[in-house]
Amino acid sequence: MKFRNPIFLLLLTALLFAACGKKVQVESYSIIPEPVELVEEEGSYTITPRSRLCFVNLAQNSPTVKYITQSLRKMHVHPAFIGTPKKDCITFTLLDSLESTLGPEGYRLSVVPEGVFVYAATEAGLFYGYQTFLQMLPPDVATIRYSRVVLPGCTITDYPRFPWRGSHLDVSRHFFPVQDIKKHLDLMAMYKLNRFHWHLTDDQGWRIEIDGYPQLNDVGSWRVDRTDVPWGTETPAEIGEEPTYGGFYSKEDVADIIAYAAERHIEVIPEIELPGHSSAVLAAYPELGCPGTHYDVAIGEFWPTKAILCAGNDRSVDFLFGVLDEVMQMFPSDYIHIGGDEVFPDNWEHCPKCQARMRELHLEKVSQLQGWFIDTVASYLSRKGKRIVGWDEMLDCGTSAKDAVVMSWRSTEAARRAVRLGYEAILAPTEFCYLDYYQADPKTQPLAFNGFISLVKAYSFDPMPTGLTPDEQGRVLGGQANLWTEYINNYEHAEYMLLPRLCALAECFWTPVENKDWPRFMMKTEHHRTILHAYGYNCCDIPSLNDQYDAEVNH
Ligand code: ACM
Ligand code: ZN
């Protein structure tokens with residue numbers, strides 16, 4: 001009889017469930033990026049299957065509530081239901097009044113015997129508080145069922161140093177399916193990165209659906225497959241060989257990714273590269289190139305990249321406006337990245353149409369044609385309420401687009417120059433932020449771009465250039481990790497190049513300089529390797545303090 005009693009059955013299930021799980025006492029916290037302030041307190045709180053998850057001042061259908069509830073379920077730390085906070089709760093409270101102290105992305109988190117309490121002025125702040133909370137749990141919580149987790153008491157006050165904490169991914173040199181992009185966004189969210197710079201177009205493939213120019217996808221998204229040989233050793237296409245490698249994101253894919261990112265408080269910034277790196281465009285629409293030039297979608301290494309839109313042809317401008325109209329419909333971001341790097345203007349030198357354009361505009365140097373292109377596009381986008389971001393070459397070609405944001409990649413000096421000229425700037429210098437470079441002795445590593453950034457080198461990055469006035473400093477928006485994928489043809493390999501260096505850069509973008517501590521970061525990294533492996537990320541496991549090779553290269 002008793003076995004039919006539902007209450008008894010419930011109790012039995014709970015007992016069995018508790019017996020299955022493990023008990024763990026967390027000894028200390030290893031949060032990346034390091035918070036602004038973490039004070040250890042007396043006492044502790046034990047999460048058990050009875051612990052409840054509560055939200056205050058948040059609608060049950062708010063994205064943050066949904067995200068936290070679903071994610072905690074997966075963690076095997078089972079929330080019971082959403083209710084009013086009492087004792088034994090993990091509680092998230094939205095309080096507008098905290099904006100003045102914590103800013104738009106900050107949070108406060110305390111662990112006391114009654115529970116875990118997270119406060120913020122915004123959902124972004126609560127989201128980051130939740131990411132910190134997840135990192136306080138045992139590192140293998142994604143794979144092991146714990147029945148009791150004892151968290152030592154603490155109070156954390158935290159907010160970012162910079163508003164732009166970017167991660168860039170090149171999907172042209174190699175194409176990554178939507179699932180991989182989502183995994184990348186999850187990784188960004190873990191480390192409080194908030195700008196996904198999606199490099200969608202380049203010589204080796206056009207990766208976004210554009211209805212008005214269907215050849216971009218029918219032709220420009222596909223190349224002859226040479227993925228079986230190392231990058232740079234490709235043989236040319238044979239006559240009649242079909243282009244079979246590639247793909248592109250449909251409008252539905254893009255909407256899906258933007259929504260997925262937004263749930264994680266990540267803004268997606270598309271990059272539509274112009275006027276150079278345009279082989280894929282010109283393969284699709286040869287008439288947009290200078291007369292007499294011909295390009296196929298590049299099948300691999302392509303250098304120097306002379307494929308460039310003809311500046312003397314009005315159809316080039318119509319094309320860009322048409323593409324950008326569709327891009328603006330797809331992406332809610334205020335920013336559109338328009339590339340502008342590595343423009344080799346040889347074709348412009350020899351093109352009668354481009355030369356005529358220069359005469360008409362009274363330009364003396366061909367480089368100024370690039371300035372004209374940028375200004376034309378920037379003012380078009382500006383009329384539609386958007387701002388351009390461009391690579392730092394834009395400073396060399398006489399643009400007058402003053403509301404542009406300069407992404408400084410060739411040097412830190414370029415960013416210094418930009419902010420002194422009144423531009424806002426984002427720092428992604430090759431010296432620290434190019435995670436396609438080797439992270440250890442190349443003899444021990446998969447083939448990579450021929451540069452070297454060890455973990456300690458990445459960790460030493462300070463996005464704020466020295467020698468700036470307070471006004472100029474205010475124009476430094478933050479930093480960004482870039483991942484070019486010439487040598488990376490699957491996302492698992494991308495993870496290997498990103499991790500753990502992306503964690504180091506995330507700390508550089510978020511944490512006040514005075515809180516950074518390399519020996520401590522190294523210890524935290526060991527802990528995070530376990531976290532990352534538990535989540536299924538492929539993290540480079542070479543010891544943090546690199547080898548002889550690091551010492552030789554960097555000293
Ligand atoms: C770049 O790395 N060419 C921006
Ligand atoms: Zn031309």
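Every number for a ligand or one of its atoms is a count from 1 in the order of the listing. FYI, the numbering just counts along the sequence from 1. Just so it is clear, the structure is predicted and the values come from calculations on it, not from any experiment. For the numbers below, each heavy atom of this structure counts, side chains included, while hydrogens, waters and symmetry mates do not.
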Would His174 and Trp231 count as a ring-ring contact (aromatic ring centres under 6.0 Å, His included) here? Give the steps. CA-CA 11 Å; His174 286 101; Trp231 190 266; 5.6 Å; yes
Which protein N, O or S atoms lie under 2.8 Å from the Zn ion (ligand 2), given by chain and residue number? Cys290 SG, Cys310 SG, Cys351 SG, Cys354 SG
Side chains of Glu271 and Trp391 only: does a donor on one sit below 3.5 Å from an acceptor on the other? yes
Do [X]'s NZ or CZ and the ring of [Y] fall within the cation-pi criteria of under 6.0 Å and 45°?
X	Y	answer
Lys457	Phe452	no
Lys183	Tyr537	yes
Arg264	Tyr260	yes

Who pairs with Ser382 by side chain to side chain contact (heavy atoms under 4.5 Å, CB included), at least two apart in sequence or on another chain? Asp403
Does a side-chain N-to-carboxylate-O contact under 4.0 Å join Arg223 and Glu234? no
May I ask you to say whether Glu472 pairs ionically with Arg416, meaning some side-chain N is under 4.0 Å from a carboxylate O? no
Could you note down all residue pairs passing side chain to side chain donor-acceptor pair (under 3.5 Å) where residues 201-216 supplies at least one of them, sequence neighbours left out? Arg173-Asp202, Arg173-Gln204, His199-Asp202, Asp202-His277, Asp203-His277, Asp203-Ser279, Asp203-Thr305, Asp211-Lys251
Check: every ligand 1 N/O to protein N/O pair under 3.5 Å:
from	atom 1	to	atom 2	distance (Å)
ligand 1	2 (O)	Tyr434	OH	2.6
ligand 1	3 (N)	Asp341	OD2	2.6
ligand 1	3 (N)	Glu342	OE1	3.4

